[in-house]
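Beneath this line is the structure, given in structure tokens, with notes to follow.
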Amino acid sequence: MAPSNNLFPSNFIWEIIEEDIKANKHGGRVATRFPPEPNGYIHIGHAKSICLNFGIAAQFGGACNLRLDDTDPAGESLEYVQSIIDDVRWLGFDWGERLFYASDYFDKLYEFAVQLIMAGKAYVCDLNADEIRQYRGTFTEPGKDSPYRNRSVEENLDLFERMRAGEFADGSCVLRAKIDMASTNVIMRDPIIYRIKREPHYRTGKKWIIYPMYDFAHCLSDALEKITHSICTLEFENNRPLYDWFVDQLIMGDRPQQIEFARLNLSYTVLSKRRLIELVENGHVAGWDDPRMPTVAGMRRRGYTPEAIRNFCAAIGVAKNENLVDIGLLEHCVRSDLSETAPRVMSVLNPLKVIIDNYPQEKVEEFECANHPQKPEMGTRKVPFSRALYIEYDDFMEEPPKKYKRLGPGREVRLRNAYVIKYQSLRKDERTGKILEIHCTYDPQTREGAPPDGRKIEGVIHWVSARHAVPAEVRLYDRLFNVPDPSMAGDDFMETLNPNSLETLSSSFVEASLKDAAPGNRYQFERLGYFCIDAKDSSGKHVFNRIVSLRDTWGKIAAQNKP
RNA sequence: UGGGGCGUCGUCAAGUGGUAAGACACAAGAUUUUGGUUCUUGCAUUCGGAGGUUCGAAUCCUCCCGCCCCAGCCA
């Protein structure tokens, strides 16, 4: 069930379904399914499909099944099944009791294959893989009939039974549909239905050594579940005639209708399972849930909200155009959700010590700070202020450029939620030139508002009180790749990896109110971005993941002024 | 190359013969104790190209061009 209404705007698939309902096709029923293979974690591209399928079911009063398409034991595992279940649920969807596995249909699928043989529509072929490929022909030349194509029904039945019984070696023979070796659609040239594979299956164990192929299993699984609209990606368009053929041969009644849409491509990342696996296995990321990964698990750990991801899926639309969606749109969806919901808090990533010379040594004041400037209902919290503070290293410059509104020689600045301070002097490490601390004075009359003399204070900077600050580790993430479309580099896509996609800051400070905050909590660090407490908190020190930065118009201006 | 698809703003994407929605991005301005948020404004005389039909075409017809998918015992 879709978690909110109008989650998914109308698209061409909706129109087809509306027509079908009008025409009373499938008795006006709508049933969809999300059918991942459990051989990897699901990613933002799957999320698009999930929102589409569950969204349609919700919109048209139907149901959406979750079906694990586990017909090839190689690479499939329970770990992946569990991750898929967790991720789809976390995205906010519910399949009720309708969790299915293609492997639960193995007996039925075997029976279907037997039926096909009996109808003279399938045969056991002893050609090896190489030979099958040769016999298949090319795009421009028709294929040749297999020499085994005309075996009798009895012989085929016997052979197929013996395939299942384990009498033949892996790869020595296959069961094929007898369709048309001269078809202009290569898919239809006597496609393979069953292959022998002595690989234990994570669910059926060693019960089977023959496994059905996707084209056979998928359409029949759909039919068995009485799916009405089988939505898949564009690359299956060529397979549709075969989908229809199998169902028409074997199932009476309405055939599910396969409809194809364009899969999502996202800039500066990769979404092919093969490439994602490569990132994980070669250690370029810390795992499937590395916060830089476009996986649902990665985005969750990064701090993205299900709401933001759903909004993104709604924003990109559904069509048949090849696309490369700007990852900036995803970031926009995350910001606009978090801007509403994340409490504001102060934190200093790269600390610079500030001493307020005219503030009493031991004095501590508490400021009542709004958790959200536009939402008083989100409450306030107390933030301590004292003589020694930390501010952001970048918020002071000895020789500030034009338009710089922060601290510098002779300058005044507003401390967010607190006093106006004025620069006095600094102390530097003579060897490195690094500024060790700066000294300022504060204006006691500016606690509540603007200075009474009417002078204008332009800049506002954030801070934390040094003796109250909570040490934290902060992880800043950047795009995983340096080019908009890494897949353009083909197998060399790893060479376009961004070596600086993770920057770890180990001497940051967060304000005292965050001391006992729970993992998973999301905050806006004012002027910096949105951050999420990582669940994997090692040394007792908090670890914050940067979910996404704030829009940074100054950063843009500063970058433009550099060259 | 045979077959199957797709070409509308920088990126997505509506549009279904009546005179180019919206979002992101971008630009300018206003408000602001976050260079954030919010607000206002601007942003395709033209729909891959060329012909044709029509009073009228992104939408219909013809030809051409470009891109994607298919020759796994993967899904």
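Throughout, protein chains are lettered first and strands after them, A, B, ... in sequence-line order, and every chain is numbered starting at 1.
Anti is the conformation of G7(B), whose glycosidic angle sits further than 90° from 0.
A side-chain N or O of Thr233(A) and one of Glu235(A) form a donor-acceptor pair less than 3.5 Å apart. Side-chain atoms of Arg344(A) and His462(A) form no donor-acceptor pair, as typed in the model, at a separation below 3.5 Å. A donor atom on one side chain and an acceptor atom on the other are not found under 3.5 Å apart for Gln258(A) and Tyr243(A). Checking Ser77(A) against Glu79(A) by side-chain atom types alone, no donor-acceptor pair falls below 3.5 Å. A donor atom on one side chain and an acceptor atom on the other are not found under 3.5 Å apart for Tyr41(A) and Asp87(A).
By the criterion of a centre-to-centre distance under 5.5 Å and near-parallel planes under 30°, the ring of Phe139(A) forms a stack with the base of C70(B). In this structure, the aromatic ring of Trp554(A) is positioned over the six-membered ring of the base of G35(B), centres within 5.5 Å and planes within 30°.
Using Watson-Crick or G-U wobble geometry with both donor-acceptor distances under 3.5 Å, C60(B) finds its partner in G52(B). Taking a pair to require two hydrogen-bonding distances under 3.5 Å in either a Watson-Crick or a G-U wobble arrangement, U33(B) remains unpaired. Applying the Watson-Crick and G-U wobble criteria (two distances, each under 3.5 Å), C26(B) pairs with G42(B). Base pairing of G7(B) is made with C65(B), judged by Watson-Crick or G-U wobble geometry with both donor-acceptor distances under 3.5 Å. Nucleotide G2(B) forms a Watson-Crick or G-U wobble pair with C70(B), both donor-acceptor distances falling under 3.5 Å.
What separates OH of Tyr523(A) from C1' of G36(B) is a distance of 19 Å, to the nearest Å. Per the geometry, OH belonging to Tyr80(A) stands 15 Å off C1' belonging to A75(B), to the nearest Å. Note: CG (Leu242(A)) to P (C73(B)) measures 13 Å, nearest angstrom. Protein atom CD1 of Ile187(A) is 10 Å distant from nucleotide atom C1' of G4(B), rounded to whole Å. The distance between atom CG of Asn323(A) and atom P of C67(B), rounded to the nearest whole Å, is 18 Å. Distance CG (Asn265(A)) to P (C68(B)): 12 Å, rounded to an integer number of Å. What separates CD of Glu37(A) from P of C74(B) is a distance of 10 Å, to the nearest Å. Atom CD of Gln374(A) is separated from atom C1' of U33(B) by 12 Å (rounded to the nearest Å).
Across A21(B) and A14(B), the matching C1' atoms stand 6 Å from one another, rounded to whole Å. Taking atom P on both nucleotides, C61(B) is separated from G17(B) by 12 Å, rounded to a whole Å. With P as the reference atom, U11(B) and C74(B) are 38 Å apart, rounded to whole Å. Only the C1' atoms considered, G36(B) is 16 Å distant from A30(B), to the nearest whole Å. As rounded to the nearest Å, C26(B) and U33(B) have C1' atoms that lie 29 Å from one another. Here, U59(B) and C24(B) have their P atoms 29 Å apart, quoted to the whole Å. Look at the C1' atom in both C9(B) and A20(B): the space between them is 10 Å, to the nearest Å. Between G7(B) and C39(B), the distance separating the two C1' atoms is 37 Å to the nearest Å.
Residues Glu76(A) and Arg203(A) are not paired through a salt bridge, judged by the lack of any N-O separation under 4.0 Å between the basic side chain and the carboxylate. Between Asp145(A) and Lys178(A) there is no salt bridge, since none of the side-chain N atoms of the basic residue sits less than 4.0 Å from a carboxylate O of the acidic one. In summary, Arg240(A) and Glu260(A) engage in a salt bridge, as defined by a charged side-chain N under 4.0 Å from a carboxylate O. In this structure, Lys144(A) does not pair ionically with Glu131(A), as no charged nitrogen and carboxylate oxygen lie closer than 4.0 Å. Using a 4.0 Å cut-off between charged side-chain N and carboxylate O, Arg527(A) and Asp394(A) make no salt bridge. We find that Asp170(A) and Arg198(A) are joined by a salt bridge, their nearest charged nitrogen and carboxylate oxygen being less than 4.0 Å apart. Ionic pairing of Asp222(A) and Arg33(A) is present here: one or more N-O contacts between side-chain nitrogen and carboxylate oxygen are shorter than 4.0 angstrom. Under a 4.0 Å N-O distance rule, the pair Lys382(A)/Glu366(A) does not qualify as a salt bridge.
At the heavy-atom level, Glu448(A) lies under 4.0 Å from base atoms of the strands shown. Arg189(A) comes within 4.0 angstrom of nothing in the nucleic acid, heavy atoms only. As judged by a 4.0 angstrom heavy-atom cut-off over every strand, Met346(A) is placed among residues making no nucleic acid contact. As judged by a 4.0 angstrom heavy-atom cut-off over every strand, Thr138(A) is placed among the base-contacting residues. In this structure, Asp215(A) reaches neither bases nor backbone, as no heavy-atom distance under 4.0 Å exists between it and the strands shown. Tyr404(A) comes within 4.0 angstrom of a nucleotide base, judged by non-hydrogen atoms across all strands. Glu458(A) comes within 4.0 angstrom of nothing in the nucleic acid, heavy atoms only. Among the atoms of the strands shown, only primed sugar atoms or phosphate atoms (P, OP1, OP2) are found under 4.0 Å from some heavy atom of Leu324(A). At a threshold of 4.0 angstrom between heavy atoms, the contacts of Lys403(A) include nucleobase atoms, whether or not backbone atoms are also involved. No contact: Tyr194(A) has no heavy atom under 4.0 Å from any strand. At a threshold of 4.0 angstrom between heavy atoms, the contacts of Ile192(A) include nucleobase atoms, whether or not backbone atoms are also involved. At the heavy-atom level, Val325(A) lies under 4.0 Å from the strands shown only through sugar-phosphate atoms.
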Are any protein N/O atoms closer than 3.5 Å to N/O atoms in nucleotides 38-41 of chain B? If there are, list each pair with its distance.
none

Find every protein N or O atom lying less than 3.5 Å from an N or O atom of nucleotides 5-7 of chain B, and list the pairs.
unit_1	atom_1	unit_2	atom_2	d
G5(B)	O2'	Glu237(A)	OE1	3.2
C6(B)	O3'	Asn321(A)	OD1	2.9
C6(B)	O2'	Asn321(A)	OD1	3.1
G7(B)	OP1	Asn321(A)	OD1	3.4
G7(B)	O5'	Asn321(A)	OD1	3.1

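For U34(B), the base has no donor-acceptor partner in the side chain of Arg527(A) [N/O atoms by modelled type, under 3.5 angstrom]. On a pure distance criterion of 3.5 Å, no polar donor-acceptor pair joins the side chain of Asp326(A) and the base of G10(B). Side-chain N/O atoms of Asn238(A) and base N/O atoms of C69(B) include a donor-acceptor pair closer than 3.5 Å. Judged by distance alone with a 3.5 Å cut-off, no donor-acceptor contact links the side chain of Glu260(A) to the base of G4(B).
OP1 or OP2 of C73(B) has at least one side-chain nitrogen or oxygen of Arg136(A) nearer than 4.0 Å. A sub-4.0 Å separation between OP1 or OP2 of U34(B) and a side-chain N or O of Lys405(A) is absent. Residue Arg133(A) has no polar side-chain atom (N or O) positioned under 4.0 Å from OP1 or OP2 of C73(B). For C74(B), the OP1/OP2 oxygens have no side-chain nitrogen or oxygen of Thr71(A) closer than 4.0 Å. A close approach under 4.0 Å does occur between a side-chain nitrogen or oxygen of His332(A) and OP1 or OP2 of C24(B).
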Task: Trace of the ring pair (Phe, Tyr, Trp, His ring centres under 6.0 Å) decision for Phe246(A) with Phe112(A) - done: CA-CA 9 Å; Phe246(A) 281 129; Phe112(A) 280 135; over 10 Å; no
